[in-house]
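No hydrogens, no waters, no symmetry mates; every other heavy atom, side chains included, goes into these values. What you are looking at is a predicted structure, and each value in this text was computed from that prediction instead of being measured.
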Number of protein chains: 2
Amino acid sequence: MGEPTWAAAGAPTTVRNVPMQLTPRGREIVDAARDLLDREGPDALTMRRLAESLGIRAPSLYKHLPDKDALEAAVISLAFEEFGDALAAATEHADDRLWALAVAYRGFALDHPHLYRLMTGRPLRRDLLAPGSEQRGSRALDDATGGDADLGRALWAFAHGMTVLELDDRFPRSADLDAAWRRGVDSFRAGVARPRTGERS
Amino acid sequence: MGEPTWAAAGAPTTVRNVPMQLTPRGREIVDAARDLLDREGPDALTMRRLAESLGIRAPSLYKHLPDKDALEAAVISLAFEEFGDALAAATEHADDRLWALAVAYRGFALDHPHLYRLMTGRPLRRDLLAPGSEQRGSRALDDATGGDADLGRALWAFAHGMTVLELDDRFPRSADLDAAWRRGVDSFRAGVARPRTGERS
DNA sequence: GGTACGGGCTAACAGCGTTAGCCTGACGCC
DNA sequence: GGCGTCAGGCTAACGCTGTTAGCCCGTACC
């Protein structure tokens, strides 16, 4: 056999470390990986278990993907797009966009904890990601803070922190997390209307 | 040989899943693990590498610790205490306690990224932790928010979010993280003086 | 001196990601 | 019809991981 099928279609011999073009079969595998992770968690996402779920053997996966890092990067790219779409849909026609964003952010993570952790739990292999997918995940956040980058980052950090601490069971069971979210979002709200493109909340 | 040495000294046959009393040798091993992790990162913290750094073989470690989870839990317990002490020392005599706390929080994580990630990166095995160590890590934070639990959680989430996003290289390289920290801390500061035991910042 | 035991050792197992090398079936082409 | 190409499977195997079983040696105590 010649070049492996996961290489970019255009100039297969020159590309290195470029986010691959998925073949249809490759896409099936990535979808299966997404579902396996989402349902059973990261320990279940092994090459052998994934292959089994597709009715093939583990080494066959390497005909479609270079390695597990690339597989995870593809799942992450997918997840960023799902995530971004969910946030955009939730905030689009909301009265209180900032709060709607917070609710949607938390909701996605609680619905897909393993996916969210994979997306955010360690340094990103940006060289393996589908181009633009990361931005698509964070676009709604940028919009909601009206172009104020520092505030946007602070708000993102707060939302991510609340989310990951809740997912990891870090707060006391008795904690009123709705109240903490309210408190945080309200604290940031003051800053959001002021600078430049003041948007109604 | 009878009972393994890592079991609690008091009633060795009845305890299950109780945070162990470390023997002196066990403590040496945990210290070595802490240093290995701190210096070389989580991939380096394998039972074989750890044993090698102590001049022994991997199976011998199991004479002192039940398994790797317990080892990591012991390292985490240590790290919580280090972390708590660092925060307490930094905020004790500071003019602006909230800001001093933020600086110390970020500083510890940047100085010990692997340790910080181990402490916070996944659900805590509280059943394996040394009792009280978790509280010792978060005490300074509680103090700084004057007993307002919701605000404390929101502030913690913000600090943790900023920290982990920075460690994971999630912000653009051009981002002014000092400004984002300032922005976040200032947003929360308004709330801190008000409720109950109003403390000067 | 005998016994207990702390603290080391080797050999081995199952599961992990991954590679090398082989085979089969479908397709285009002369 | 025969041939070459190649997508997409396969088995066997390697080195790594955490972990267990079982053995052995030195020290301390009665």
Per-nucleotide protein contact string for nucleotides 11-19 of chain D, where B marks a base within reach and S marks sugar-phosphate only (heavy atoms under 4.0 Å, - for neither) | BB----BBB
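Cation-pi contact between B/R182 and B/W99: present, with separation from the ring centre below 6.0 Å and deviation from the ring axis of at most 45°.
Between the CG atom of A/L71 and the P atom of C/dC16 there is a distance of 14 Å, rounded to whole Å. Atom CD of A/E52 and atom P of D/dG9 are 16 Å apart (whole Å). The distance between atom NZ of A/K63 and atom C1' of C/dG21, rounded to the nearest whole Å, is 9 Å. Straight-line distance from the CD1 atom of B/I56 to the P atom of D/dC25: 19 Å, rounded to whole Å. Regarding A/I29, its CD1 atom lies at a distance of 7 Å from the P atom of D/dG9, rounded to whole Å.
Among the candidates A/T91, A/D186, A/V185, the single residue satisfying the side chain to side chain contact (heavy atoms under 4.5 Å, CB included) test with A/L98 is A/V185.
Using the six-membered ring where Trp is involved, B/Y105 and B/W181 have ring planes that are tilted, between 30° and 60° apart.
A salt bridge does not link B/D178 to B/R183: none of the charged nitrogens lies less than 4.0 Å from a carboxylate oxygen. Looking at B/R49 and B/E40, a side-chain N of the basic residue comes within less than 4.0 Å of a carboxylate O on the acidic one, giving a salt bridge. By the 4.0 Å N-to-carboxylate-O rule, A/R136 lies close enough to A/D85 to be salt-bridged with it.
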Could you write out DNA chain D as a dot-bracket string, with dots for unpaired bases, | for bases paired across to another strand, and Watson-Crick or G-U pairs counted at under 3.5 Å?
-> ||||||||||||||||||||||||||||||
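Distances shorter than 4.0 Å separate none of the side-chain N or O atoms of B/H64 from OP1 or OP2 on C/dG6.
Between B/H160 and B/Y116, the gap from one ring centroid to the other is short of 6.0 Å.
Once rounded to the nearest 0.5 Å, the distance linking CG of A/L167 with CZ of A/R106 reads 10.0 Å.
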